[in-house]
Amino acid sequence: MIYSLALILLLGFELSYYLLVVQTGVVAYYNSDLITLFPMFVGGVLGTILGGFSWGRVENPLHKIMIALSLQLLLSFYYPNYNIFTLLLLGLAVGVMAPLGVYLFKAKQQKELLLALAIAYTMGTYSFTSMVDGRMLMAVLFSTVALLSAFVLKDYRVETDAKVISHSFLSYLPLMLWILLDSNLFETLSRHESLDIWSEYTFTIITFHLLGLVAAYFIDMSKQKKHIFIALIFTGSYALSYFELPFALAMLYPFTISYYNVVVFTTLSKEMSISKLAFMMIFVGWIASGLGLAIALSKLIH
């Protein structure tokens, strides 16, 4: 029970950190300047690779997680005034957490995953409109809770018997596509004044985030049908954005985000090879989301 609670808090608050401090904090503070933010991207890739290195016979990655979260906590006190070096370190800390946070979970721990995502999406949505340069306390709080949770889990052992699948690289391509589409739409909407759904429909968005999580938990479909369904709801989200229907978008888009993220996380958590998981996280996470941001800035997809 205590391990389940610690897992929920670790993932929930680390995702909240990524959403509010990295994705909509640091990125927004530097006006999505890809050149300025490039050190953080490089650090993220390097950290993800580092997280995938073998740690010998020890199956518990918590020692690396605690080091990464300690660095993240230290850097939180400097938010948002980072330089090239501290941006690199920030990316490194978040990058190490990416594969290891996923690896801690077993695919069957759906309830823990849903509760963690519920925490992240509720806090992320509620605090989305807060001042970007005033989130230092959030950064410190989220990092502290995640670090304390990691200390509680210090004797936790990942059951490698539950990780009996090694997916082909081709099977991960849909996951990359969903993250790219999400990143592009999110970055596009965050710059679209007439579609500022977060400030006007905050509680609607939270409600449909939670409904998306519930749907992913209770609706049982084959992998192929899940990807077809995700394609349809992403198509609907883009259509509502194109026709500028903010209230309908505030319902469908957060539902889409929650649903596809459960599919992505569950798929990744089944990977038995930590090094392969880290390698795929570079593409599924950093490259896909970076391309989505770049496409949004270039306005190739309206």
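Numbers here simply count residues along the sequence, with the first being 1.
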Practice problem: Examine distances only and state if a side-chain atom of Arg135 and a backbone atom of Thr24 form a donor-acceptor pair shorter than 3.5 Å. | Solution: yes

Exercise. Please collect all ring pair (Phe, Tyr, Trp, His ring centres under 6.0 Å) contacts where either partner lies in residues 259-279, sequence neighbours excluded, each pair once.
Key: Phe105-Phe265, Phe169-Phe279, Phe229-Tyr259, Phe234-Tyr260, Phe279-Phe283

Exercise. Report, as yes or no, whether the 6.0 Å neighbourhood of atom CD1 on Ile84 holds more than 12 heavy atoms from other residues, nucleotides or ligands.
Key: no

Quiz item: Within the side chain of Tyr253, is there an N or O that forms a donor-acceptor pair under 3.5 Å with the backbone of Asp182?
Solution: yes

Quiz prompt | Test item: His209 side-chain N/O and Tyr121 main-chain N/O as donor-acceptor pair under 3.5 Å | solution = no

Exercise. Could I get the full list of side-chain hydrogen bond (donor to acceptor under 3.5 Å, both in side chains) partners for Thr256, not counting sequence neighbours?
Key: Ser237

Quiz prompt | Side chain Thr144, main chain Val140, donor-acceptor under 3.5 Å | solution = yes

Quiz prompt | Main-chain N/O of Asn83 paired to Thr86 side chain as donor or acceptor, under 3.5 Å | solution = yes

Practice problem: Answer yes if the side chains of Tyr79 and Asp133 hold a donor-acceptor pair under 3.5 Å, and no otherwise. | Solution: no

Self-check item: For Glu244, all residues meeting side-chain hydrogen bond (donor to acceptor under 3.5 Å, both in side chains), sequence neighbours excluded
Solution: His192

Quiz item: Can you tell which of Val264, Leu277, Leu113 makes a side chain to side chain contact (heavy atoms under 4.5 Å, CB included) with Val102?
Solution: Leu277

Quiz item: With hydrophobic residues grouped by side-chain heavy-atom distances under 4.5 Å, do Leu137 and Tyr82 end up in a single group?
Solution: no

Quiz item: For Thr235, which residues count as a side-chain contact (heavy atoms from CB on, under 4.5 Å) partner, sequence neighbours excluded?
Solution: none

Quiz item: Checking Ser130 side chain against Ser127 main chain: does a donor-acceptor pair fall under 3.5 Å?
Solution: yes

Quiz item: With Glu187, which residues qualify under side-chain hydrogen bond (donor to acceptor under 3.5 Å, both in side chains), at least two apart?
Solution: Arg191

Quiz item: In terms of heavy-atom contacts, does CZ of Phe186 have more than 12 from other residues, nucleotides or ligands at under 6.0 Å?
Solution: yes

Quiz item: Counting only heavy atoms not in Asp220, do more than 12 fall under 6.0 Å of its CG?
Solution: no

Quiz item: Hey, quick one: are Leu148 and Leu75 part of the same hydrophobic cluster, counting side-chain heavy atoms closer than 4.5 Å, chains of contacts allowed?
Solution: no

Quiz item: For Ser183, which residues count as a side-chain hydrogen bond (donor to acceptor under 3.5 Å, both in side chains) partner, sequence neighbours excluded?
Solution: none

